[in-house]
Asker: 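Please see the structure below; I have some questions.
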Amino acid sequence: MDLNQELLNKREQAKAGGGKARIDRQHQGGKLTARERIELLLDENSFQEMGMFIEHRATSFGLDKSKIPGDGVITGYGKIHGRPVYVFSQDFTVLGGSLSETHAAKICKIMDLALKNGVPVIGLNDSGGARIQEGVVSLAGYADIFYRNTLASGVIPQISVIMGPCAGGAVYSPALTDFIFMVEDTSYMFVTGPNVVKTVTHEEVSSEDLGGAKTHAEKSGVNHFTYSNDVECLREVRKFMTYLPQNYGETAPTTKHTFSESKLEGIKSILPQNSTLPYDIRNVVDCIVDDNSFLEVQAEFAKNIVVGFARLDGRTIGIIANQPAAMAGVLDIDASRKGARFVRFCDCFNIPLLVLEDVPGFLPGTDQEWRGIISHGAKLLYAFSEATVPRITVITRKAYGGAFDVMNSKNIGADLNFAWPTAEIAVMGAKGAAEIIFKKEISEAEDSQAKWLEKEKEYADLFANPYRAAERGFVDDVILPEETRAKLIAAFESLENKAERLPQKKHGNIPL
Ligand code: HXC
């Protein structure tokens, strides 16, 4: 046979994966094949495959008779919006996308290249887990991947897209990466599946309820982004990548942008007259950043803090904002963890931080205390304190108690802090403060209620404003809401060449 034809035949064989019937089954289940996914993820015709002819070496349980070139994972490199990425895509039609020794080695090979070359890795996961017939070698293969995930953490962005099953120890690779995308109804992640759960805890739960996209978006916070199908999900991964640099030594690309000037009018009336009423901080974000540029991360989890990427004058920034519309924007365990992880990602990859602050404090109660709000809250404090990227805070309204310190205060290293005229910066709210410091006067007064109100007003007049903090330099300027965008653009520009180093150490010890 013609040698070239032989090659073409081999390619065709590899591309056929587990065969038509299994591909049809994949499609019937609402899923694309591994190759179709790569086509949608990458720029047209940019994919370069590696390891197409790799086969497993196992012989037990008849495996020697079921060899399919590529061994259930397609690996290689290509481009997204013109920038290189390495990618692996598990092929569920080949032995359920299960991970063998050689399957793992293929993934490790592209991870090594990505790490050496400072290029992001995107993993499309759709696998029945460790290849059961192979035993310990497939477990070792997982460990090889986990190890590389950890080494690559903070060097290159690592993205996991869950597009089918991801169960058992397999979940720990995505968990070690920076962001997880999930597809509704077709993807799930859990350490032990419904059957084991039933045996051990006697709970009856479906795969979807135990570890579907919605569960992980709302309850566990493991899932950062949910999309309704493969096509939409992959399109959004492409968009997401435009916010990121290629590696820790680079900055994110700048883009063309627009800003509707009418938003400068709109921002004036977002805050309610009554400072105890809620408002949606995302409306403030929208009136500050470039048009349609805000990309919220973990939108369904710990809604009392909003985090996400946006662009300001075409440059990527990371936003961490208290959300008065959810639990009054109070900081609790989940919000602290969510905020801290996001801050650390941005700091890894040179993404400047903007904090919008309106926080009444930390959430009181036995539930929070017993589950360790002390350690979890400290994560956010630690993450901000060690971040060396440009850091700016805008206090829109409340900045009370320890939360004032935690939310990127000047004293933990923020570069510039601004406050709106509506800011209230104090140890605590006026009502509670008056009750404590004027306890005796209030209880001895003829009309205790009137006295309390009088003292509350006295405290509020003194502290429920930004000027005490401005007098002491804890905020650098008091600005009008409509001035915020221009002030921030100028401020971030002034911080562009910031070069701050932490004290030399092996690594810090964040309160995990
Ligand atoms: C080998 C596997 C496999 C596996 C599926 N297949 N999982 N082969 N090893 N782990 C094969 C099936 O035999 C079948 O082959 C094909 O893939 C499709 O599987 P189906 O069961 O027909 O598909 P479906 O009904 O969609 O169910 C998918 C599934 C189920 C829920 C994933 O296959 C399943 O429960 N698999 C086992 C999952 C598991 O327990 N894995 C080990 C987890 S422990 P044919 O030839 O019929 O197409 C683990 C440890 C990692 O992963 C530890 C790291 C530290």
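Bear in mind the structure is a predicted one, so any value in this text is a computation, not a measurement. Order of listing sets the numbers, starting from 1, for every ligand and every atom in it.
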Asker: Taking only heavy atoms of the protein into account, state which residues are under 4.0 angstrom from an atom of ligand 1, in chain and number order.
Answerer: Arg22, Arg25, Phe92, Leu95, Gly96, Ser98, Gly128, Gly129, Ala130, Arg131, Ile132, Gln133, Leu139, Tyr142, Phe146, Pro165, Ala167, Gly169, Ala170, Tyr188
Asker: Indicate the ring-plane relationship of Phe349 and Phe345, choosing parallel, tilted or perpendicular according to the 30° and 60° boundaries.
Answerer: tilted
Asker: For the pair Lys303 and Glu296, find out whether any cationic side-chain nitrogen is under 4.0 Å from an anionic carboxylate oxygen.
Answerer: no
Asker: Kindly state each residue pair satisfying ring-ring contact (aromatic ring centres under 6.0 Å, His included) with at least one member in residues 202-234, sequence neighbours excluded.
Answerer: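 Applying ring-ring contact (aromatic ring centres under 6.0 Å, His included) to every pair that reaches into residues 202-234, excluding sequence neighbours, yields Phe179-His224, Phe181-Phe225, Phe225-Phe240.
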Asker: Please table the atom pairs, donor to acceptor, closer than 3.5 Å between any side-chain atom in residues 373-380 and protein atoms at least two apart or in another chain.
Answerer:
unit_1: His376; atom_1: ND1; unit_2: Lys379; atom_2: NZ; d: 2.9
unit_1: His376; atom_1: NE2; unit_2: Arg371; atom_2: O; d: 3.4

Asker: Salt bridge or not for Lys31 and Asp230, using N-O below 4.0 Å?
Answerer: no
Asker: Show every donor-acceptor pair shorter than 3.5 Å between a side-chain atom in residues 16-30 and any protein atom, with sequence neighbours excluded, or say none if there are none.
Answerer:
unit_1: Lys20; atom_1: NZ; unit_2: Asp24; atom_2: OD2; d: 2.8
unit_1: Arg22; atom_1: NH1; unit_2: Gly18; atom_2: O; d: 2.8
unit_1: Gln26; atom_1: NE2; unit_2: Leu32; atom_2: O; d: 2.9
unit_1: Gln26; atom_1: NE2; unit_2: Asp126; atom_2: OD2; d: 3.0
unit_1: His27; atom_1: NE2; unit_2: Glu36; atom_2: OE1; d: 2.9
unit_1: His27; atom_1: NE2; unit_2: Glu36; atom_2: OE2; d: 3.1

